[in-house]
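For reference, the structure discussed in these notes is given below.
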Number of protein chains: 2
Amino acid sequence: MAGHDTQDRPMRRDAVRNQQLVIEAAREVVSEYGTEASMELIASRAGVGVGTVYRRFPNKDALVEEIVDLMVCELVDEARKALTLGDGTGLEVFLRAMGESMSTHRGYAVKAVGHSKATRVEELRDLITELLVQAQDKGRIGPSIVLGDVMAAAWALRGIIETAGPIAPEAWQRHLDIQFAGLRAPDVPSAHAPATREQLTQISGGAGRTSCGRGA
Amino acid sequence: MAGHDTQDRPMRRDAVRNQQLVIEAAREVVSEYGTEASMELIASRAGVGVGTVYRRFPNKDALVEEIVDLMVCELVDEARKALTLGDGTGLEVFLRAMGESMSTHRGYAVKAVGHSKATRVEELRDLITELLVQAQDKGRIGPSIVLGDVMAAAWALRGIIETAGPIAPEAWQRHLDIQFAGLRAPDVPSAHAPATREQLTQISGGAGRTSCGRGA
DNA sequence: CTTGAAGCGGAACGATCATTCCGTTAAGGC
DNA sequence: GCCTTAACGGAATGATCGTTCCGCTTCAAG
């Protein structure tokens, strides 16, 4: 993805730099205005022409998928890091990191959390499952909680962040405090079914491969 | 709004019927496809031409505001009804009703819950406040919970419903079960601030007037 | 330094809407 | 039944935006 195109010949140096500028501009602009921000705006933010954007990305969807993928990769990193805590607080730490990330990338958080076809969501799901198991082992999360509940909490955060956004920037944190009080309870009687694994897969894909580009 | 236009002369019977058809079509179509559904689609669903839509609504925004307003009115009714329960369960009953409504009107729930300029949101806020006070009086909700927390719970529901939608239709109910477990706790330690009244007003307007058209 | 090709900018194209306009239709008061 | 006029349908208009195209520019291999 970085430095080489489809062929063996390395990309020209200016092309590499421009591609980076485009990706950064897209993150900024789409975070702020959502995926409906125009390609023109993204290009001008990057200081290049639209043609340059289309040289690296076949269309807008591909560009958006690229930045969604970056975001999910960062979340995967956070999840891995949280897992090493080992004391059962990892799940909470991760969810807070996810909230921060969704706040920063508000305009397209929906793509990462929801209907994204991005590769790698499955990897993230597995990591979250591990975090959940760890938290339950340490008694920090009730035994009746399942992955679907944690995902629902994440979707909930998006709803709050999208709505309250920068106006009440702590609202999602507080919601999470209260939610965790419920999640900790040894048994929450519920007549309602959480999302199953199959449903989670349906909601946010789980097909592709490739690994997150390591590094900063 | 119904039967009369700006002038004294009553609307023609076919015009009244068509306006109703347009509103119903808009609710259906926008619920399903979101506010980006085209006017053509709404018009054809209603069985009329676009021109007819524009005779009653100056533009698309006005039409959307109309259906948002209908939704909020229904929520106001639900809140009033819940308040008469008097046993402190009203808040929970209301939030479930709100979830159902947002599920039905998924495509524009965001307008009702969030950045809507719809009149009447303030009335709804007042009713929710009453429901909260009542629930706290009866000991069903912890004393440290404020209106901002309830609103955040509503925004959270929207996030879940938009994401999981019809795929995991019970997910939001279960989230609410868990959330209520947290809300019931006598004290949830939180270092984070809930949304204040001012912030709530900023988030979802609160200026206009007029009353909900009574009746079915 | 030369030169071939990758890269670049941005005008042009085509599709998709929201909105307007106008010739035609049909309520409903008399 | 007649006639005025509100109401209707849908083609036309104009704006926006994704995408393509092409003549010019600039890198970098030799």
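Lettering of chains follows the sequences in order, A, B, ..., and the numbering in each one begins at 1.
DNA chain C is contacted by both V50(B) and G47(A); G47(A) maps to the nucleotide lying nearer its 5′ end (nearest heavy atom per residue). Map A15(B) and E36(A) each onto its nearest nucleotide of DNA chain D; the residue landing nearer the 5' end is A15(B). The nearest heavy atom of DNA chain C to R13(B) and to K60(B) marks one nucleotide each, and the one closer to the 5' end goes with K60(B).
dG9(C) atom C1' lies 14 Å from atom CZ of R56(A), rounded to whole Å. In this structure, R17(A) atom CZ and dA6(C) atom P are separated by 19 Å, rounded to whole Å. Whole-Å rounding puts the M11(A) CE to dC8(C) C1' distance at 13 Å. Following rounding to the nearest Å, N18(A) (CG) and dT25(D) (C1') show an atom-to-atom distance of 13 Å. Going from atom CG of D61(B) over to atom C1' of dT19(C) covers 12 Å, rounded to whole Å. Rounded to an integer number of Å, the gap from Y54(B) OH to dA18(C) P is 6 Å. Taking atom CE of M39(A) as the reference point, atom P of dG18(D) lies 7 Å away to the nearest angstrom. In this entry the distance linking CZ of R55(A) with P of dG9(C) reads 9 Å, nearest Å.
Within 6.0 Å of CD in E100(A) there are more than 12 heavy atoms belonging to other residues, nucleotides or ligands.
For dG9(C), the OP1/OP2 oxygens have a side-chain nitrogen or oxygen of T52(A) closer than 4.0 Å.
At least one side-chain heavy atom of F94(B) sits less than 4.5 Å from a side-chain heavy atom of L124(B).
The backbone N or O of A97(A) lies less than 3.5 Å from no partner atom in the side chain of E78(A), so there is not a single donor-acceptor pair.
Scanning atom types as modelled, one donor and one acceptor separated by under 3.5 angstrom connect the side chain of R12(B) and the base of dA6(D).
E74(A) pairs in a salt bridge (Lys or Arg N to Asp or Glu O under 4.0 Å) with only one of the listed residues (R120(A), R27(A), R80(A)), which is R27(A).
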